[in-house]
Chemist: 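What follows is a structure written as structure tokens; I'll ask about it next.
Bear in mind that the values here come from a model prediction, so they are computed numbers and not experimental data.
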Amino acid sequence: MSKGVRWWCGALLVHVGALAVAADQSIWILLRDKTDAEGRRIAWVDLGAGHTDAELNLPVSQRYIERLRKMGVVVRFSSRWLNAVSARVSSEVQLRVQTADFVVATRPVQRLQRPSPPPPGLFASPKLLQSRYGLAFEQLAQIAVPPLHDQGLTGAGVRVALLDNGFHYAEHAAFTFIRVVAQRDFVNDDEIVSDEADQPITGDERSGSQNLHGAQVLSLLAGYQPDHFVGVAPDAEYILAKTELDDNLPEMPSEEDRWIAGLEWADSLGAQVVNSSLGYNRWDDGTGYSPADLDGETALTSVAAALAVRRGIVVVVAAGNEANRDWHYITIPADADGAIAVGAVDVPGSGERMPQIASFSSRGPTADGRIKPDVVAPGSGVVVADLRRGGYVRKGGTSFAAPLVSGICALLLQKNPEWTPAQVLEALRSTALDLGVAGPDTVYGWGQINALAASGLDEVPPEEDRLLAPFPNPARDGVVYFPVQLAERGLVELSVFDIVGRLVFTERWDLWPGSHDRPGRAPRWTPGRAVANGMYFYQLRLPSRSRLGKIALVRAP
């Protein structure tokens with residue numbers, strides 16, 4: 001049997017073996033009608049696109065499912081939106097199914113396999129830190145997230161769902177305060193999305209990378225380890241759907257029906273934002289999807305994504321890592337009508353230059369001429385949680401650009417809970433930083449997202465730069481803050497010297513306009529225990545001015 005292609009934007013994308021040759025195959029069985037509460041039959045057309053929400057919510061007919069089972073069909077999942085059943089059948093059974101009076105048609109369930117990963121990002125800028133955000137500062141500052149956090153927008157009250165390959169998150173410090181309201185493993189059919197041994201499909205998950213990619217994506221949204229790493233929406237509620245397979249499982253290709261089942265499950269739990277960092281295209285032998293299928297209407301995953309948007313869910317999809325490959329274009333379901341397709345740019349840091357498109361980031365347009373991606377976000381060299389070893393690591397791929405956008409969508413919905421998906425998309429597009437050629441294009445879309453601008457809030461900066469006195473002074477707890485107020489974005493450099501003039505500390509911060517005068521936001525010095533008590537001199541510098549002074553360090557022995 002031929003192999004298929006799936007990418008995971010940013011994980012270690014390696015080979016998944018072909019499905020072993022077998023008589024049975026996975027198919028969708030599209031049903032003719034549903035029955036409402038009054039017993040009336042509703043003819044099902046256009047895969048649900050022409051039906052009301054009430055009709056979409058009607059379950060698939062149990063009578064039809066029982067008839068299919070009696071014919072020898074092994075039912076995997078059912079989709080109330082598509083009015084379809086995903087099933088395993090033999091060739092003989094499929095012929096019988098196709099002639100049943102309640103069946104419209106059958107079609108294959110697409111199977112997926114990963115290609116190689118995108119190349120690692122290259123960075124010329126120094127690693128800049130800001131006390132509260134730690135290693136996440138550059139990527140969040142680039143898209144103006146910190147000003148929204150400062151105004152209390154952290155995702156509280158918003159429910160975000162992730163469809164991914166699992167979430168081995170609980171042991172990492174970044175997830176100490178995460179709010180998980182539901183989790184479901186659609187691969188092994190249980191309620192645990194983290195590592196387990198002796199799983200029926202995935203085996204011993206502790207030795208491979210199953211459950212890692214999803215947790216890395218989750219860290220960009222929900223991570224919160226002050227002074228080390230902060231995600232975009234740490235106070236949101238999270239729904240975790242494990243719908244995809246690891247890259248080390250031979251003869252176990254992922255299939256699109258689990259993705260659709262996860263999406264409908266998230267909808268039933270009240271998800272307001274869905275993040276999907278995956279994409280489907282074609283098999284190695286040329287079968288599967290083609291670029292001509294990128295019309296938002298051919299792939300069932302794209303149809304389901306569009307239905308979710310219509311039902312009020314903001315659906316954010318990674319655009320794909322195919323720009324340097326034969327496929328080149330965005331992958332399914334990034335072509336879904338109304339879904340937010342996200343491309344990747346690099347993280348230049350320090351304001352040295354404008355962000356540039358990542359070489360791997362998939363291009364548009366769709367087959368029917370719509371501009372994709374919609375927006376871009378940092379996705380080359382993004383810092384994420386390192387799940388096996390602890391700490392943090394840089395990764396690349398549109399997988400990691402998408403959750404940054406999903407997190408911003410959560411912040412926007414916290415501020416504007418009445419907004420529709422169309423209003424969220426318009427806010428992101430209309431305020432994005434235009435990159436590349438003027439106007440929207442098929443490389444950058446409408447440009448790089450700007451969370452502050454999209455929110456409509458204003459951060460009123462002071463009229464002039466000010467460098468204020470450090471506190472506490474004397475320092476008794478070993479941490480000294482150096483408050484600054486900036487009229488414009490700028491680099492702040494702090495140097496600390498001992499009494500004989502030796503440099504004991506230096507650091508730079510790239511800060512947005514505003515008042516950086518509180519613990520957690522102000523530049524700081526944290527002397528280690530090796531730094532002796534006594535008098536120290538400091539120099540705090542902006543390009544336009546500087547401040548000199550003394551600090552007394554007096555700690556208990």
Chemist: With distance as the sole test, does Asn473 use its side chain to make a donor-acceptor pair with the main-chain N or O of Ala552 at under 3.5 Å?
Modeler: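 Yes.
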Chemist: Salt-bridged, Arg388 to Asp386, with N to O below 4.0 Å?
Modeler: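 No, no charged N to carboxylate O under 4.0 Å.
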Chemist: If you measure from CG on Asn416 to CG on Leu153, what distance do you get to the nearest 0.5 Å?
Modeler: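 Asn416 CG to Leu153 CG: 9.0 Å, rounded to 0.5 Å.
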Chemist: Taking side chain as C-beta onward, heavy atoms only, is Leu220 less than 4.5 Å from Gln139?
Modeler: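 Yes, close enough: below the 4.5 Å cut-off.
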Chemist: Say whether, by atom type as modelled, one donor and one acceptor occur between the side chain of Thr398 and the main chain of Gly320 under 3.5 angstrom.
Modeler: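 Yes, Thr398 side chain to Gly320 backbone: donor-acceptor pair under 3.5 Å.
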Chemist: Heavy atoms only: give me the nearest Ala454-Leu428 pair and the separation to one decimal.
Modeler: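 Smallest heavy-atom distance, with atoms named: CB-CD2, 4.2 Å.
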Chemist: Does the Asp335 side chain pair with the main chain of Ile330, one donor and one acceptor, at a distance under 3.5 Å?
Modeler: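 Checked: no pair found.
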Chemist: Using only atom types and a distance under 3.5 Å, with no angle test, would you say the side chain of Thr420 pairs donor to acceptor with the backbone of Gln423?
Modeler: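 Yes, because the side chain of Thr420 sits within donor-acceptor range (under 3.5 Å) of the backbone of Gln423.
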Chemist: Over all heavy atoms of both residues, which pair between Leu140 and Gly231 is shortest? Give the atoms and the distance, please.
Modeler: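 The pair with the smallest heavy-atom distance is CD1-O, 4.2 Å.
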Chemist: My understanding is that only one of His228, His516, His149 makes a ring pair (Phe, Tyr, Trp, His ring centres under 6.0 Å) with Tyr133; could you say which?
Modeler: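 Only match with Tyr133 under ring pair (Phe, Tyr, Trp, His ring centres under 6.0 Å): His149.
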Chemist: Tell me if a side-chain donor or acceptor on Glu507 pairs with a main-chain N or O of Trp525 at a distance below 3.5 Å.
Modeler: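 No, Glu507 side chain to Trp525 backbone: no donor-acceptor pair under 3.5 Å.
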Chemist: Which pair of non-hydrogen atoms, one from Val273 and one from Ala410, has the smallest distance, and what is that distance?
Modeler: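 Shortest heavy-atom contact: CG2-N, 4.3 Å.
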Chemist: Side-chain contact, heavy-atom cut-off 4.5 Å: Leu221 with Ser406?
Modeler: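 Side-chain contact under 4.5 Å: yes.
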Chemist: Please walk me through it: do Ile340 and Cys409 pass side-chain contact (heavy atoms from CB on, under 4.5 Å)?
Modeler: CA-CA 10 Å; Ile340 304 173; Cys409 292; 4.0 Å; yes
Chemist: Sub-3.5 Å donor-acceptor pair from the side chain of Gln272 to the main-chain atoms of Arg159, do we have one?
Modeler: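 Present.
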Chemist: With ring pair (Phe, Tyr, Trp, His ring centres under 6.0 Å) as the test, pick out the partner of Tyr169 among Tyr238, Tyr224, Phe175, Phe177.
Modeler: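 Running ring pair (Phe, Tyr, Trp, His ring centres under 6.0 Å) over Tyr238, Tyr224, Phe175, Phe177 with Tyr169 returns exactly one hit, Phe175.
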Chemist: Does the salt bridge (charged side-chain N to carboxylate O under 4.0 Å, His left out) test come out yes or no for Arg545 and Asp465, once each step is laid out?
Modeler: CA-CA 8 Å; Arg545 63 187 62 198; Asp465 296 336; 5.1 Å; no
Chemist: Assess whether a salt bridge exists between Arg179 and Glu237, defined as any Lys/Arg side-chain N lying under 4.0 Å from an Asp/Glu carboxylate O.
Modeler: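 Salt bridge absent between Arg179 and Glu237.
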Chemist: Any chance you could lay out the side-chain contact (heavy atoms from CB on, under 4.5 Å) test for Leu553 and Val531, step after step, and finish with the verdict?
Modeler: CA-CA 9 Å; Leu553 184 59; Val531 178; 3.9 Å; yes
Chemist: For the aromatic rings, using the six-membered ring if either is Trp, is the centroid distance between Trp259 and Tyr280 under 6.0 Å?
Modeler: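 For Trp259 and Tyr280, the ring centres are not under 6.0 Å apart.
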Chemist: If you round to the nearest 0.5 Å, how far is CG of Asn165 from CG of Leu212?
Modeler: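 Output value for this atom pair is 7.0 Å.
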Chemist: Which heavy atom of Ala323 sits nearest a heavy atom of Ser359, and at what distance?
Modeler: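 For Ala323 and Ser359, the tightest heavy-atom pair comes out as CB-O, 3.3 Å.
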Chemist: Sequence neighbours excluded, which residues qualify as side chain to side chain contact (heavy atoms under 4.5 Å, CB included) partners of Gln356?
Modeler: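 Checked Gln356 against side chain to side chain contact (heavy atoms under 4.5 Å, CB included); matches are Asp346, Arg353, Tyr444.
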Chemist: Kindly give the heavy-atom pair with the smallest separation between Ser277 and Ala318, and that separation in Å.
Modeler: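 So the minimum-distance heavy-atom pair works out to CA-CB, 4.0 Å.
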Chemist: What do you reckon, is CD of Gln539 surrounded by more than 12 foreign heavy atoms closer than 6.0 Å?
Modeler: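 Above 12, so yes.
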Chemist: Between Gln414 (side chain) and Gly155 (backbone), is there a donor-acceptor pair under 3.5 Å?
Modeler: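 Checking the backbone N and O of Gly155 against the side chain of Gln414, a donor-acceptor pair under 3.5 Å is found.
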Chemist: Looking at side-chain heavy atoms only, is the closest gap between Leu163 and Val274 below 4.5 Å?
Modeler: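 Contact flag for Leu163/Val274 side chains = yes.
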Chemist: Do side-chain atoms of Asp434 reach the backbone of Gly439 as a donor and acceptor pair under 3.5 angstrom?
Modeler: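 Judged by distance alone, yes, a pair lies under 3.5 Å.
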Chemist: If you draw a 6.0 Å radius around OH in Tyr329, do more than 12 non-hydrogen atoms from other residues or ligands fall strictly inside?
Modeler: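 Open: at most 12 neighbouring heavy atoms sit under 6.0 Å from OH of Tyr329.
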Chemist: In terms of the angle between their ring planes, are Phe400 and His213 parallel, tilted or perpendicular, with boundaries placed at 30° and 60°?
Modeler: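 Rings of Phe400 and His213: tilted, 30 to 60°.
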Chemist: With a 4.5 Å limit on heavy-atom distance, are the side chains of Gln225 and Thr176 in contact?
Modeler: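 Gln225 vs Thr176: side chains apart.
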Chemist: Distance check, rounded to the nearest 0.5 Å: Ile551 atom CD1 versus Phe537 atom CZ?
Modeler: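 So the gap between those two atoms works out to 10.5 Å.
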Chemist: Just how far is it from atom CD1 of Ile239 to atom CD of Gln183, taken to the nearest 0.5 Å?
Modeler: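 Ile239 atom CD1 to Gln183 atom CD measures 11.5 Å (nearest 0.5 Å).
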Chemist: Could you check Asn211 against Val193 for side-chain contact (heavy atoms from CB on, under 4.5 Å), going step by step and ending with a plain yes or no?
Modeler: CA-CA 7 Å; Asn211 308 319; Val193 297; 5.7 Å; no
Chemist: Would you call Val342 and Pro373 a side-chain contact if the rule is heavy atoms closer than 4.5 Å?
Modeler: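 No; the side chains remain at least 4.5 Å from each other.
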Chemist: Would you mind reporting whether Pro378 and Leu404 have side-chain heavy atoms less than 4.5 Å apart?
Modeler: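 The answer is yes, as the side chains (C-beta and beyond) meet within the 4.5 Å cut-off.
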Chemist: Starting at CG of Leu486, measure out to CG of Leu467 and round the result to the nearest 0.5 Å.
Modeler: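 Interatomic distance, Leu486 CG to Leu467 CG, rounded to 0.5 Å: 8.0 Å.
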Chemist: When rounded to the nearest 0.5 angstrom, what is the spacing between OG in Ser544 and CD in Glu464?
Modeler: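 Separation between the atoms: 9.5 Å.
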Chemist: Could you go through the side chain to side chain donor-acceptor pair (under 3.5 Å) check for Gln448 and Gln142 one step at a time?
Modeler: CA-CA 9 Å; Gln448 179 182 270; Gln142 184 168 317; 2.8 Å; yes
Chemist: Are the side chain of Lys415 and the backbone N or O of Ser455 linked by a donor-acceptor pair below 3.5 Å?
Modeler: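 Indeed, once roles are kept as given, a pair shorter than 3.5 Å links the two residues.
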Chemist: I want to know whether His172 and Tyr392 have ring centres closer than 6.0 Å.
Modeler: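 Judged by ring-centre distance (under 6.0 Å), His172 and Tyr392 do meet the cut-off.
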Chemist: Is a side-chain donor or acceptor of Asp164 paired with a backbone partner of Glu244 at a separation under 3.5 angstrom?
Modeler: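 Flag not set: sc Asp164 to bb Glu244 has no pair under 3.5 Å.
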Chemist: Indicate the atoms forming the closest heavy-atom contact of Val232 with Leu411, along with that distance.
Modeler: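 In this case the closest contact between Val232 and Leu411 is O-CD2, 3.6 Å.
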Chemist: With side-chain contact (heavy atoms from CB on, under 4.5 Å) as the test, would you mind laying out the steps for Ile178 and Leu218 before giving the verdict?
Modeler: CA-CA 10 Å; Ile178 190 172; Leu218 179 63; 3.6 Å; yes
Chemist: Are the side chains of Ile357 and Arg363 in contact, using a 4.5 Å heavy-atom criterion?
Modeler: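 Yes, at least one pair of side-chain atoms sits under 4.5 Å.
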Chemist: Compare all side-chain heavy atoms of Val181 with those of Leu269 and state whether any distance is below 4.5 angstrom.
Modeler: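 No - every pair of side-chain heavy atoms lies 4.5 Å or more apart.
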Chemist: Would you say that more than 12 heavy atoms from the other residues, nucleotides or ligands in this model lie under 6.0 Å from the CZ of Arg466, or not?
Modeler: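 No, not enclosed.
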